[in-house]
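One structure below.
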Amino acid sequence: MRGDGDGGRLTPAELGGAGLGERATLVQFSSAFCAPCRATRRVLDEVAGMVPGVRHVEVDAEAHLDLVRRLHVVKTPTVLVLDADGAIVRRAVGQPRRADVIAALGAAVLPA
């Protein structure tokens, strides 16, 4: 996962009312007919289940076009790693590997 968080911040309201993770949030932009999105969902759910305080939120890109445009999401899946305050610290396009997601969380998660 690349370290090009744009310095932006997302709120729970922008994520469809889903709360942010206590320590970090994995935000996945998906679309209905995206096969890699299903595999990405499994990876992010698994990582969120392994790391306390981390939440996975999936956003339907087609239903949130204003947010997609603001964040320059051009492909699905796109994954953003947010810190506890909702600041974007990492961004990746395409299906991530579990090890890469875990490593990217290091930039967002402060020691417990």
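Just so it is clear, the values below take in all heavy atoms, side chains as well, and ignore hydrogens, waters and symmetry mates.
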### Task
Dump the intermediate steps for side chain to side chain contact (heavy atoms under 4.5 Å, CB included) on Leu26 and Val101, then the final yes or no.
CA-CA 9 Å; Leu26 301 169; Val101 175; 4.0 Å; yes
Side-chain atoms of residues 43-52: list all donor-acceptor pairs with protein atoms under 3.5 Å, sequence neighbours left out, distances to 0.1 Å.
unit_1: Asp45; atom_1: OD1; unit_2: His56; atom_2: ND1; d: 2.6
unit_1: Glu46; atom_1: OE2; unit_2: Arg98; atom_2: NH1; d: 2.4

### Query
Do any pairs count as a salt bridge (charged side-chain N to carboxylate O under 4.0 Å, His left out) and have a residue in residues 11-21, sequence neighbours left out, and if so which ones?
Glu14-Arg70
### Message
Tell me the closest heavy-atom pair linking Leu20 and Ala84, and the distance in Å.
### Response
CD1-O, 3.9 Å
## Note on the structure
Smallest heavy-atom separation, Gly19 atom then Pro12 atom, equals CA-CB, 4.3 Å
### Message
Nearest 0.5 angstrom please: Gln95 CD to Thr40 OG1, how far?
### Response
4.5 Å
#### Entry: Residue pair Val93 / Val74, side-chain heavy-atom distance below 4.5 Å
no
### Query
Are Leu71 and Ile88 side-chain neighbours, meaning at least one heavy-atom pair lies under 4.5 Å?
yes
### Task
Looking only at non-hydrogen atoms, find the nearest pair between Val89 and Ala108 and report the distance.
CG2-CB, 3.5 Å
### Query
Can you name the salt bridge (charged side-chain N to carboxylate O under 4.0 Å, His left out) partners of Arg41, sequence neighbours left out?
Glu58
### Query
Got a second to check how far Leu67's CG is from Asp60's CG, nearest 0.5 Å?
11.5 Å
### Query
Quick one: which of Gln28, Arg90, Arg91 gives a side-chain contact (heavy atoms from CB on, under 4.5 Å) with Leu80?
Arg91
### Task
Could you walk me through whether Asp100 and Val79 pass the side chain to side chain contact (heavy atoms under 4.5 Å, CB included) test, one step at a time?
CA-CA 11 Å; Asp100 292 336; Val79 177; over 6 Å; no
### Message
To check you understand the geometry: which heavy-atom pair defines the closest contact between Cys37 and Ser31, and what is its length?
### Response
SG-N, 3.9 Å
### Expected output: side-chain Asp83 to main-chain Asp85 donor-acceptor under 3.5 Å
yes
### Query
Looking at Ala32 and Glu62, what are the two nearest heavy atoms and their distance?
N-OE2, 4.0 Å
